[in-house]
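In what follows, a single structure is set out as structure tokens and then discussed.
Remember, it's a predicted structure, so these values are computed and weren't measured experimentally. Start at 1 and go down the list; that is how both ligands and their atoms are numbered. Numbering of residues begins at 1 and proceeds along the displayed sequence.
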Amino acid sequence: MSSDSQLHNKASGWSARFAEPMSELVKRYTASVDFDKRLALFDIQGSLAHAEMLAAQGIISTQDRADIERGMAQIRAEIEAGQFQWQLDLEDVHLNIEARLTALVGMAGKRLHTGRSRNDQVATDIRLWLCNEIDAILALLRALRLVLLDLAEPNAATILPGFTHLQVAQPVTFGHHLLAYFEMFGRDAQRLVDCRKRVNQLPLGAASLAGTSYPIDRERVARTLGFDGVCRNSLDAVSDRDFAIEFCAAAALVMTHVSRFSEELVLWMSPRVGFIDIADRFCTGSSIMPQKKNPDVPELARGKTGRVNGDLMSLLTLMKGQPLAYNKDNQEDKEPLFDAADTVSDTLRIFAEMVAGITVKPEAMRAAALQGYATATDLADYLVKKGMAFRDAHEAVAHAVRYCVGKGCDLADLSLAELREATGLGAQAELIGADITQVLTLEGSAAARSHIGGTAPETVKKAIKAARSELG
Ligand code: ARG
């Protein structure tokens, strides 16, 4: 069946090919206009480029092209004004716009679909839309990364406990901690830039699946629409949605990073930890407990990660069993794709605002870092630098920590004599000199890690500077 040629008759039952009209239930089941009308302006953009090429190639007249442009300008105005009458009977965004065009300009409207199918048309629309979304998300990622730098800068030397296994491990600077997220979101941006290259290829010209017998100029259409190139195989062009899957995978990773950050924000804001406060406008109260201030935004963001993972699973599953070329299954690509893009955009926008409004509580961070023997590794490293093997040093410090646990104090609280004694090293404990005091401080520990990628305040300041010039 040449599916698209008879579609204007769909309301009356697919014309001569069908003996009875489509049932109402099937009509609702197969229609996509309720959600794909979102692609309308890209659909018009694609049609205008197609018409321009058809006229340039002498496939339609320049008068037809002018009529199409006039009609499309009006349709665009109607859509933007919210006055366009979307009809479920016309199934999708493409047929709605084409039918309206024909109503407005007559024969030229009927000629627009020459050498084209909804199969290459929809793939073109989605790709145009997605490039636009990717650009917007990249701008949002950049904004969030700038906000992270703005918070990292005054906190380059603010010390908090670094955790492994959620147990106090070693002191780190808060600026350094924030820069970890700066890196994650930076890789997310790189992934999207890379994905965009594969999205930005033109399917139009593939027609239904086999190409078209008209003398079309696909490269011209690609240039007009700003595509980097044309899809090289017509069957592939109309059928694969790997570009959408790839986007959703990148989106899922953005949300994974947002989710990890959210988990930390929730933890840091818990009164038991109290490292930060999140501005009231991002929190909600409880309907029953008057004292509550809940970090709903990070919790929701953590939860919405599940949606985007779900969107990715939907598209992977949608694609996996499809034979070449186009199948109606692909109509199901839109809602998950839209949802992933919307969720990531909204989340990034709100995160940039929320992170900018974080209040840091350095005293609470410092107090927490002072508990849990965060500088024990520094004592071991000190002994190694004095000539001891690391494993022996590790053991000696373990003895000293155990002693402190029994006494209920920190390593730094011991006098030099007591510390030497506590290591159980006997005469070898003489290796520990008075200079150990500085080594066991939080500041000494952080400052000692001044290599590239380390947590030292000076290193963090340099990293922030480099990051700012990277963002330009
Ligand atoms: N609404 C359809 C979609 O989203 C457009 C393509 C329909 N093509 C067809 N042969 N039925 O995929």
Side-chain angles (χ1 to χ4, degrees), residues 1-11 13-15 17-18 21-23 25-47 50 75 79 84 86-101 112-130 132-133 199 201-212 231 234-245 247-248 311 314-341:
M1 173 181 82
S2 87
S3 55
D4 284 0
S5 57
Q6 299 159 348
L7 282 171
H8 293 293
N9 298 316
K10 186 169 188 224
W14 295 86
S15 180
R17 174 67 180 79
F18 289 80
M22 188 182 261
S23 86
L25 182 57
V26 173
K27 206 181 281 178
R28 265 192 287 125
Y29 193 73
T30 55
S32 55
V33 65
D34 283 347
F35 52 85
D36 67 16
K37 63 184 174 199
R38 179 172 178 167
L39 297 172
L41 296 184
F42 298 97
D43 194 68
I44 292 173
Q45 196 190 346
S47 289
H50 181 64
I75 293 171
I79 292 169
F84 190 90
W86 297 103
Q87 292 181 53
L88 195 75
D89 277 343
L90 289 167
E91 193 175 308
D92 59 23
V93 61
H94 323 291
L95 297 175
N96 267 269
I97 290 178
E98 194 185 323
R100 178 72 183 136
L101 182 70
L112 171 63
H113 212 51
T114 312
R116 175 178 90 165
S117 154
R118 279 186 300 158
N119 296 352
D120 56 347
Q121 186 179 356
V122 69
T124 302
D125 292 3
I126 301 171
R127 285 170 184 260
L128 282 172
W129 173 85
L130 187 52
N132 213 51
E133 290 295 311
V199 178
Q201 300 291 324
L202 176 77
L204 213 60
S208 289
L209 76 167
T212 177
C231 299
S234 64
L235 297 167
D236 177 42
V238 292
S239 68
D240 206 351
R241 295 292 183 264
D242 60 350
F243 65 90
I245 295 173
F247 168 78
C248 283
D311 295 331
S314 297
L315 292 190
L316 282 168
T317 312
L318 173 72
M319 204 72 244
K320 76 172 275 293
Q322 285 194 50
L324 289 177
Y326 176 86
N327 302 281
K328 186 78 166 179
D329 312 40
N330 280 343
Q331 183 163 288
E332 287 290 307
D333 63 356
K334 286 164 206 66
E335 287 161 295
L337 185 59
F338 293 165
D339 184 69

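Checking only distances, Arg241 never comes within under 3.5 Å of ligand 1, N or O to N or O. Polar contact check, Lys328 against ligand 1: no nitrogen or oxygen pair lies under 3.5 Å apart. Between Lys334 and ligand 1, an N or O atom pair is found at a separation short of 3.5 Å.
Atoms of ligand 1 found under 4.0 Å from any heavy atom of Ser32, numbered from 1 in the order shown, are 1 (N).
Here Arg28 pairs with nothing under the salt bridge (charged side-chain N to carboxylate O under 4.0 Å, His left out) rule; sequence neighbours left out. With sequence neighbours excluded, the residues that form a side chain to side chain contact (heavy atoms under 4.5 Å, CB included) with Ser314 are Pro336.
Ion pair Arg118/Glu98 not flagged as a salt bridge, since none of the NZ, NE, NH1 or NH2 atoms sits closer than 4.0 Å to an Asp/Glu carboxylate oxygen.
Nearest to atom 5 (C) of ligand 1 by heavy atom, out of Asp92, Asn330, Asp125, is Asp92.
Under a 4.0 Å heavy-atom criterion, Glu91 is not in contact with ligand 1.
Looking only at distances, a side-chain donor or acceptor of Asp240 sits under 3.5 Å from a matching main-chain atom of Asp242.
Contact of the Val122 side chain with the His94 side chain is registered, since non-hydrogen atoms from C-beta on lie closer than 4.5 Å.
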